[in-house]
Each structure stands twice: as structure tokens, then as C-alpha cells.
Amino acid sequence: MKIPESIIEGAEVLAGAPVADEIKREVKEEVARLAREHGVRPCLVVVRVGEDPASAVYVNSKVRTSEELGLHSEHHALPSETTEAELLELIAGLNARDDVDGILVQLPLPHAIDEARVLEAIDPSKDVDGFHPMNVGRLSLGQNVIAPCTPAGIVELLERSQVELSGARACIVGRSHIVGKPLAQLLLQRDATVTICHSRTRDLAGVTREADILVAAIGRAGFIRGEHIKPGATVIDVGINRVTDEAAARELFGDEADKRLETIARRGATIVGDVHPAEARRVAGKLTPVPGGVGLLTVAMLMKNTVAAAKRRRGL
Ligand code: GUN
């Protein structure tokens with residue numbers, strides 16, 4: 001395939017911030033309208049169990065963004081010794097409260113707690129993550145449903161960046177319940193030809209190189225190399241990995257490593273996606289950065305989902 005002129009200088013950066021800001025602006029307007037016309041203020045409750053530092057950062061960002069947009073939010077930070085029964089009791093209470101529109105239990109949970117049981121306990125109409133089996137089933141039937149935030153954010157980013165989905169070949173590397181599988185459903189609904197790859201896929205590069213849209217959601221720093229990417233493809237990097245080693249950062253970022261080395265010196269680590277940035281920049285047509293890409297959209301979509309849940313549950 002001929003490499004398009006526009007990418008000879010390197011891939012176009014598909015930044016998350018402009019699209020996330022646009023979605024948040026829309027949500028803020030809708031929140032103001034609901035208050036004005038219906039006297040309703042949607043309420044999101046975020047529950048976190050244990051001391052995972054990454055989860056604490058994500059949860060704080062969710063709570064802060066809710067406040068910024070005028071949503072009401074409540075944050076329950078429970079100790080790591082919390083039992084499954086105690087968590088289920090909290091959820092039952094939140095299900096019963098009429099003022100609560102959205103319930104999000106941050107994953108992963110401590111090993112002693114059965115994640116599936118907890119997710120199933122959330123009232124499907126308040127499930128702003130779209131993880132309840134009822135909502136997973138509805139999504140796979142193509143019904144209008146609250147879809148998981150990260151996949152929904154990826155679709156918003158692609159659509160609002162004028163990336164053609166209908167008829168496109170999309171390849172998702174990673175088959176998680178949070179990203180890979182629901183994203184496959186959303187892209188299929190938009191008439192893409194979807195392939196899901198995983199750790200047992202044979203000739204991975206042979207499969208991924210067919211893709212016009214390549215999504216990496218595997219949780220391994222820099223795993224997707226230049227050889228995996230069709231020249232000119234749109235590459236979406238969902239990975240959030242901590243790299244602490246300077247030599248590894250140099251290898252990943254090439255002549256743009258200086259800022260990353262500074263970050264490692266200052267904070268002990270830099271955040272790297274699942275895509276090898278220096279190699280992907282040379283081959284891809286469009287590429288989401290890490291940080292500053294898909295992660296910002298996840299939070300924006302949670303806000304959008306919470307408002308949608310509030311409207312639906314209250315019949316507005
Ligand atoms: N942990 C990582 N991503 C997510 C997410 O989208 N929702 C929840 N609840 N937990 C997560």
C-alpha cells in the first residue's frame with residue numbers, strides 16, 4: 001500500500017482533550033437544562049474498595065469532573081478488609097435511593113470479593129458502566145443501552161474525528177469485558193468488519209496489518225510495533241502502563257525521550273500505552289497519545305452515561 005503524503009512527516013495525533021471537552025460541554029448544558037426545566041440534578045455514586053493508588057487517581061478524577069459539570073456526586077472509599085456482604089449491602093441501599101441515578105464500583109476489587117456478583121447486584125437502570133449482564137446482553141442485541149465508558153469514548157473519538165467506520169476493517173487486540181468485547185459490539189453496530197485478537201492469536205501481525213482501525217487494549221507497554229500496523233491506519237491506544245526504566249523509555253520514545261526521562265526522574269515513572277510510540281508514529285496515519293488520549297474520554301463518557309441514566313430512569 002502507498003503511504004499517504006500526509007503521514008510522511010509522522011502520524012497525526014488524535015488528542016482526547018478537544019473531544020472530551022466538547023462532550024463535557026454538551027453534558028454541562030444538559031445538566032443545566034435538567035435543573036432549569038425539571039428541577040433535577042443527576043447524582044453519581046462512586047465506590048472504591050482498598051488502596052490501589054491508580055484506582056484512587058481515576059476515582060478522584062471522576063468525582064472532580066462530576067462537580068465541574070454540575071452533577072451531584074458521592075464517593076465511598078471503603079477499607080480493603082470490606083467483605084462482599086458489606087459491599088452488597090451498600091449497593092442495595094444505593095439501588096433503593098431515589099436520588100441516586102448512577103452507581104459505579106471501581107475495578108479491580110480485592111481478591112476476596114466476587115466481582116461478577118457485585119456487578120450483578122447493581123440495578124441495571126443505574127449501571128453507568130454498562131457492566132451488568134442485562135446491559136451486556138442488550139448491547140450485544142444492538143439495543144439502545146448505556147455502553148461501557150471506554151469503548152463508547154473510543155467510538156465518539158473516531159466519529160468526531162471523521163474516521164469512517166462503515167465497511168472499515170477494525171482489529172481489537174484484547175478481549176476484556178471492559179474494552180475489547182463491548183467495543184467490538186459498538187463497531188459492529190456501525191458496520192465495521194471486526195476482528196478480536198488475543199494472546200493465542202496466530203500470526204498476530206498478519207491479522208493486525210489488515211486493519212484500517214487498530215485498537216490496542218492488552219496492558220503491555222509498547223507491545224504493538226510498527227510491523228503490526230498497516231501504513232496509514234488509525235491506531236487507538238487504550239493502554240496505561242507505568243515505565244520506570246530509563247533505557248526502556250529511550251527505546252520506546254527514540255528522539256522524543258527527553259521529556260519522558262525527566263518525568264521518570266521527577267515522579268519515578270512515566271505512563272506508556274500498549275503501542276510502541278516511536279515506531280507507530282512512523283507508520284500510522286492517526287495515533288492517540290498516552291497520556292492525553294482515550295483516558296480523558298472515559299471520564300467524559302461516564303458523565304454522559306450518568307445524565308442518560310437519570311433521564312431514562314425519571315422518564316424525561
Ligand atoms: N477500572 C478500569 N476501568 C474501569 C471502568 O471503566 N469502570 C470501572 N468501574 N472500573 C474500571
Side-chain angles (χ1 to χ4, degrees), residues 16 20 23 44-66 71 73-78 80 82 84 87-88 90-91 94-95 100-111 113-124 126-136 139 145-157 172 174-186 215-220 236-242 271 273-274 288 290-291 293-306 308-309:
I23 294 167
L44 171 67
V45 179
V46 182
V47 181
R48 178 167 69 85
V49 186
E51 301 306 324
D52 179 42
S55 286
V57 172
Y58 301 145
V59 164
N60 288 339
S61 148
K62 290 167 182 178
V63 172
R64 198 175 52 239
T65 309
S66 315
L71 296 160
S73 79
E74 210 174 278
H75 178 191
H76 297 255
L78 309 178
S80 42
T82 304
E84 186 177 297
L87 183 56
L88 292 173
L90 172 67
I91 292 171
L94 297 171
N95 285 343
V100 172
D101 296 292
I103 303 169
L104 180 143
V105 177
Q106 185 68 23
L107 304 178
L109 288 167
H111 293 300
I113 298 179
D114 181 347
E115 213 159 86
R117 249 184 111 179
V118 169
L119 296 178
E120 243 177 277
I122 297 172
D123 179 337
K126 299 186 179 189
D127 169 34
V128 283
D129 258 329
F131 293 165
H132 190 286
M134 175 106 76
N135 290 327
V136 174
L139 179 68
V145 73
I146 286 177
C149 303
T150 300
I154 292 169
V155 169
E156 291 272 356
L157 178 64
I172 303 162
R175 54 180 155 180
S176 72
H177 301 321
I178 295 183
V179 182
K181 286 184 194 169
L183 179 60
Q185 298 292 355
L186 292 174
V215 182
I218 34 199
R220 289 175 64 178
I236 304 292
D237 191 350
V238 188
I240 301 179
N241 310 289
R242 278 165 53 87
I271 302 298
D274 291 348
T288 62
V290 176
V294 168
L296 299 172
L297 287 155
T298 298
V299 180
M301 291 312 291
L302 174 63
M303 304 300 122
K304 188 167 171 169
N305 282 355
T306 303

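Both ligands and their constituent atoms are indexed starting at 1 by order of listing. FYI, side chains are in, hydrogens and waters are out, and symmetry mates aren't considered; it's all heavy atoms of this structure.
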Checklist entry - Under a 4.0 Å heavy-atom limit, does L104 contact ligand 1 with its side chain, its backbone, both, or neither? => result side chain

Checklist outcome for this item: In this structure, atom 1 (N) of ligand 1 is nearest to the protein heavy atom L107 O, 3.0 Å

Item to check | Nitrogen or oxygen atoms of D129 and ligand 1 under 3.5 Å apart | outcome: yes

Item to check | Where P148 and G130 come nearest, the two heavy atoms and their spacing | outcome: CG-O, 3.7 Å

Item to check | Close side-chain approach of Y58 and I240, heavy atoms under 4.5 Å | outcome: yes

Item to check | Heteroatom proximity flag, V105 to ligand 1, N/O under 3.5 Å | outcome: yes

Checklist entry - V63 and S73: which non-hydrogen atoms are nearest, and at how many Å? => result CG1-OG, 3.5 Å

Item to check | Per atom 11 (C) of ligand 1, closest listed option by heavy atom (Q106, R48, K62) | outcome: Q106

Checklist entry - Of all the heavy atoms in F131, does at least one lie under 4.0 Å from an atom in ligand 1? => result yes

Next on the checklist: I'd like to check V128 versus L44 (side-chain heavy atoms, cut-off strictly below 4.5 Å). Are they in contact?
Outcome noted: yes

Checklist outcome for this item: Closest non-hydrogen contact found for E120 with H132 is O-NE2, 3.1 Å

